[in-house]
Amino acid sequence: MATNNNNGKMSREEAGQKGGEKVSRKYNKSHFEEIGQKGGEATSKKYDSGHFEDIGQKGGETTSNKYNKSHFEEIGQKGGETTSKRYNKSHFEDIGQKGGETTSNKYGKDHYEEIGRKGGEKSRRNNS
């Protein structure tokens, strides 16, 4: 490791990096996964769902302010292409079936009758 010109002494950054590398060599992946799991559980107990909703909202707003519409269109396009390559037609048929069943169970027959009635009324108004 190169040292800076601090009278031959190691900077805090260099000392931190050296320590991190030593710890990384000492422990395996499962050790760090276990620490991460414990930290996640402790954080989950410390804060309620409102806290996580707040930070998610702030993060979403920050990201939205940072990037423009074309950025989101581009990443959406890339994500769609990647997903399309990863899964076959039957996968999309399965998730479409599950989504349809879930929506049907959630809203019931009355909901669909109401939106059908509203759609019919709108169609009649547009055609008169």
Side-chain angles (χ1 to χ4, degrees):
M1 172 182 289
T3 57
N4 65 13
N5 292 328
N6 193 14
N7 296 327
K9 294 180 181 178
M10 190 180 297
S11 71
R12 286 185 187 176
E13 181 182 64
E14 292 167 332
Q17 183 164 353
K18 188 175 181 181
E21 290 169 355
K22 184 176 182 180
V23 171
S24 179
R25 285 191 304 271
K26 186 174 181 180
Y27 298 103
N28 61 17
K29 182 180 176 183
S30 66
H31 172 76
F32 294 106
E33 288 174 347
E34 185 178 326
I35 291 172
Q37 182 74 31
K38 288 179 181 177
E41 289 171 1
T43 302
S44 173
K45 289 176 184 172
K46 186 175 181 179
Y47 299 103
D48 64 4
S49 63
H51 170 76
F52 296 105
E53 289 170 2
D54 287 346
I55 60 175
Q57 180 74 29
K58 289 178 183 175
E61 289 170 2
T62 299
T63 302
S64 178
N65 291 334
K66 187 175 181 179
Y67 298 102
N68 62 20
K69 183 181 175 184
S70 66
H71 168 78
F72 293 106
E73 289 173 348
E74 184 179 327
I75 61 173
Q77 182 73 29
K78 288 180 181 176
E81 290 170 1
T82 299
T83 302
S84 176
K85 289 176 186 171
R86 185 175 294 163
Y87 298 104
N88 61 20
K89 182 180 176 183
S90 68
H91 169 78
F92 293 105
E93 290 172 348
D94 288 345
I95 62 173
Q97 181 72 31
K98 289 178 184 175
E101 290 169 1
T102 299
T103 303
S104 176
N105 291 336
K106 183 176 181 179
Y107 294 107
K109 182 180 175 184
D110 292 343
H111 170 76
Y112 293 104
E113 287 175 352
E114 182 180 334
I115 61 173
R117 183 182 48 76
K118 287 179 180 178
E121 289 171 0
K122 185 176 181 180
S123 179
R124 281 190 293 280
R125 282 194 305 269
N126 290 339
N127 292 329
S128 60

message: Tell me if a side-chain donor or acceptor on Asn7 pairs with a main-chain N or O of Lys9 at a distance below 3.5 Å.
response: no
query: Glu73 and Gln77: side-chain donor and acceptor closer than 3.5 Å?
result: no
field: Salt-bridge contact Glu41-Lys45 (side-chain N to carboxylate O under 4.0 Å)
entry: no
- request: State, without any angle test, whether Gln17 and Glu21 hold a side-chain donor-acceptor pair at a distance under 3.5 Å.
  value: yes
query: Could you walk me through whether His71 and Glu74 pass the side chain to side chain contact (heavy atoms under 4.5 Å, CB included) check?
result: CA-CA 5 Å; His71 168 78; Glu74 184 179 327; 5.8 Å; no
query: Of the non-hydrogen atoms in Asp48 and Phe52, which two are nearest, and what is the gap between them?
result: O-CD1, 3.3 Å
- prompt: Under a 4.0 Å N-O cut-off, is there an ion pair linking Lys18 with Glu14?
  reply: no
query: Salt bridge check: are Glu121 and Arg117 linked by an N-O gap of less than 4.0 Å?
result: yes
message: Return the OH to CD1 distance between Tyr27 and Ile35, rounded to the nearest 0.5 Å.
response: 7.5 Å
- prompt: In Å, rounded to the nearest 0.5 Å, how long is the span from NZ of Lys122 to CG of Asn126?
  reply: 6.5 Å
message: Atom OH of residue position Tyr107 - does it have more than 12 heavy atoms of other residues, nucleotides or ligands inside 6.0 Å?
response: no
query: Out of curiosity, Asn88 CG to His91 NE2, how far, rounded to the nearest 0.5 Å?
result: 8.0 Å
message: Using only atom types and a distance under 3.5 Å, with no angle test, would you say the side chain of Ser44 pairs donor to acceptor with the backbone of Gly40?
response: no
- prompt: Is a donor on one side and an acceptor on the other found under 3.5 Å between the side chain of Asp54 and the backbone of Gln57?
  reply: no
- prompt: Within the distance-only criterion (no hydrogens, no angle test), does the side chain of Thr103 pair as donor or acceptor with the backbone N or O of Gly99 below 3.5 angstrom?
  reply: yes
Over 12 non-hydrogen atoms of neighbours within 6.0 angstrom of CZ in Arg12: no
message: Run the side chain to side chain contact (heavy atoms under 4.5 Å, CB included) test on Glu114 and Asp110 for me, step by step, so that the C-alpha distance in whole Å, both residues' side-chain angles and the decisive distance to 0.1 Å come before the verdict.
response: CA-CA 6 Å; Glu114 182 180 334; Asp110 292 343; over 6 Å; no
- prompt: Where the side chain of Thr43 meets the backbone of Gly39, is there a donor-acceptor pair that is under 3.5 Å apart?
  reply: yes
